[in-house]
Protein chains: 2
Amino acid sequence: MTRTRIAEEMSRLGLRATAQRVSVYEYLWNHRTHPTVDTIYEDLLPDNPSFSRTTVYNTLHALEKSGMIRSLSIESGEMHYDADPADHGHFLCTHCRTIYDFPISAESVAVPHGFESEQTDIFISGKCKNCKEKI
Amino acid sequence: MTRTRIAEEMSRLGLRATAQRVSVYEYLWNHRTHPTVDTIYEDLLPDNPSFSRTTVYNTLHALEKSGMIRSLSIESGEMHYDADPADHGHFLCTHCRTIYDFPISAESVAVPHGFESEQTDIFISGKCKNCKEKI
DNA sequence: TTGTTAGTTTGTAATGATTACAAGTTTATT
DNA sequence: AATAAACTTGTAATCATTACAAACTAACAA
């Protein structure tokens with residue numbers, strides 16, 4: 001996704017497409033590892049020396065509110081971020097700490113009658129295929 | 001559940017059944033509201049003046065490790081605790097902040113082939129029935 | 001163009017949940 | 001009773017996140 005298209009998408013959602021915001025989203029789009037605020041900040045800093053950690057926080061909150069991205073509290077401690085806001089599950093390997101995406105079926109998310117679901121998080125932790133074979 | 005039976009269960013799992021630990025578990029057993037560390041601490045303090053917040057943390061970690069309870073990171077910020085370790089979903093009402101339990105079906109937890117699931121968390125947030133009707 | 005205003009960025013300081021640690025206490029075992 | 005291991009407690013540190021205020025930037029009107 002080009003920076004121009006990212007900027008257009010932000011404008012469409014009523015967000016000012018500042019250089020910093022575009023950079024954060026571009027980073028998330030290109031790094032599907034569900035990075036933390038700190039990883040994003042540290043990786044973007046070399047190319048944007050004036051970058052502030054607070055800007056990363058502000059941007060992520062704005063993007064999440066507008067629905068462009070999704071936050072994952074799959075680990076206690078730090079938040080992770082995902083450029084894909086569509087419904088899918090997340091698997092955290094307790095050995096290598098990798099977070100994997102996986103598809104979920106519609107019936108997975110059946111809430112009780114009368115309840116209105118706004119956001120669904122399916123977090124599973126365990127051993128991933130790689131680690132299971134290596135250990 | 002009596003304190004004696006709680007103590008027996010702890011011993012069975014290789015945990016020392018101290019008065020403090022039994023109190024924490026007894027509290028969780030009787031309060032199915034998924035309380036936070038601070039709520040547990042504040043509520044138990046009047047009857048146990050020497051109680052320490054650190055003991056609540058230590059106890060909850062020990063109980064979780066042994067499988068007697070479950071921790072929920074359904075809200076960023078504070079951890080919630082649940083006396084029921086069996087698989088079930090949690091619904092957080094974004095209006096009244098109540099956390100509801102709900103049943104989940106077996107197919108909800110289908111991880112990719114080769115992956116080994118150790119823990120499953122299904123968190124849904126939205127408006128609960130009560131709040132939807134009142135608003 | 002210039003001025004005005006609202007929105008954004010940035011750095012620093014505060015907050016608040018959690019963990020680290022060490023000294024004291026309790027429990028299980030001999 | 002003696003000993004060692006486990007547990008409790010209070011205090012101090014840690015660390016992600018938020019609050020805040022000043023500087024900056026973009027949009028828009030006169």
Side-chain angles (χ1 to χ4, degrees), chain A residues 3-4 6-8 10-27 34-66 68-69 71-81 97, chain B residues 3-4 6-8 10-27 34-66 68-69 71-81 97:
Chain A
R3 293 181 67 90
T4 307
I6 294 173
E8 284 167 3
M10 287 184 182
S11 300
R12 199 179 64 76
L13 292 165
L15 286 173
R16 262 195 211 171
T18 65
Q20 293 91 331
R21 285 181 173 173
V22 173
S23 294
V24 168
Y25 186 81
E26 187 185 34
Y27 181 90
H34 316 91
T36 62
V37 170
D38 230 58
T39 304
I40 299 169
Y41 173 68
E42 296 293 343
D43 283 359
L44 290 177
L45 195 57
D47 291 334
N48 314 62
S50 85
F51 228 60
S52 161
R53 216 183 292 274
T54 304
T55 299
V56 180
Y57 278 105
N58 290 342
T59 298
L60 292 170
H61 292 162
L63 296 182
E64 183 179 19
K65 201 174 163 194
S66 78
M68 281 184 81
I69 66 170
S71 67
L72 313 175
S73 62
I74 194 170
E75 281 193 299
S76 67
E78 269 176 299
M79 214 64 160
H80 292 261
Y81 289 88
R97 314 307 291 178
Chain B
R3 293 181 67 90
T4 307
I6 294 174
E8 284 168 3
M10 287 184 182
S11 301
R12 199 179 64 75
L13 292 165
L15 287 173
R16 266 198 203 164
T18 66
Q20 292 92 331
R21 285 181 173 174
V22 173
S23 294
V24 168
Y25 187 82
E26 188 185 34
Y27 181 89
H34 316 90
T36 62
V37 170
D38 230 59
T39 304
I40 299 169
Y41 173 69
E42 296 293 344
D43 283 0
L44 289 177
L45 195 57
D47 291 333
N48 313 61
S50 84
F51 228 60
S52 162
R53 214 181 237 93
T54 304
T55 298
V56 181
Y57 277 105
N58 290 342
T59 298
L60 292 170
H61 292 163
L63 296 182
E64 183 179 18
K65 200 174 164 195
S66 78
M68 280 185 80
I69 66 169
S71 67
L72 312 175
S73 61
I74 194 170
E75 282 192 299
S76 67
E78 268 175 300
M79 214 63 157
H80 291 261
Y81 289 89
R97 313 306 292 176

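Per chain, numbering begins at 1; letters A, B, ... match sequence-line order. None of these values were measured; they are calculated from a predicted model. Side chains are part of it too, since the values below use all heavy atoms of this structure and drop only hydrogens, waters and symmetry mates.
- You'll find that the side chain of B:Thr18 is closest to D:dC7, out of D:dC7, D:dG10, C:dG11.
- Nearest-nucleotide mapping onto DNA chain D: of B:Leu15 and A:His61, the residue sitting toward the 5' end is B:Leu15.
- Per the geometry, NZ belonging to B:Lys65 stands 13 Å off C1' belonging to D:dA6, to the nearest Å.
- Between the P atom of D:dA4 and the CZ atom of B:Arg16 lies a distance of 14 Å, rounded to the nearest Å.
- If you check every strand for non-hydrogen atoms under 4.0 Å, B:Ser50 touches sugar and phosphate atoms only.
- Residues B:Thr39 and B:Tyr81 are not in side-chain contact: their nearest non-hydrogen atoms beyond the backbone lie 4.5 Å or more apart.
- Considering only side-chain N and O atoms, B:Gln20 lies nowhere under 4.0 angstrom from the phosphate OP1 or OP2 of C:dT26.
- Following rounding to the nearest Å, A:Glu75 (CD) and D:dC15 (P) show an atom-to-atom distance of 15 Å.
- In this structure, B:Arg53 atom CZ and D:dC7 atom P are separated by 22 Å, rounded to whole Å.
- Considering only heavy atoms from C-beta on, B:Val22 comes within 4.5 Å of B:Met10 through its side chain.
- Comparing A:Ser76 and A:Phe51 along DNA chain C, the residue whose closest nucleotide (by nearest heavy atom) sits nearer the 5' end is A:Phe51.
- Atoms OH (A:Tyr41) and C1' (D:dC15) sit 15 Å apart, rounded to a whole Å.
- Looking only at distances, no side-chain donor or acceptor of B:Ser73 sits under 3.5 Å from a matching main-chain atom of A:Ser76.
- Looking at heavy-atom distances under 4.0 Å, B:Thr55 makes contact with a base.
- One atom, CZ of B:Arg21, and another, C1' of D:dT8, lie 10 Å apart when rounded to the nearest Å.
- When the P atom of D:dT14 is taken as reference, atom CD of A:Glu78 falls 17 Å away, rounded to whole Å.
- Heavy atoms of B:Asn58 sit under 4.0 angstrom from at least one base atom.
- The side chain of A:Thr59 has C:dT9 as its nearest neighbour among C:dT18, D:dT17, C:dT9.
- If you measure from atom OH of A:Tyr57 to atom C1' of D:dA19, you get 13 Å, rounded to the nearest angstrom.
- No side-chain heavy atom of B:Thr55 sits under 4.5 Å from any side-chain heavy atom of B:Val24.
- A 4.5 Å side-chain heavy-atom check between A:Arg53 and A:Asp38 finds at least one atom pair inside the cut-off.
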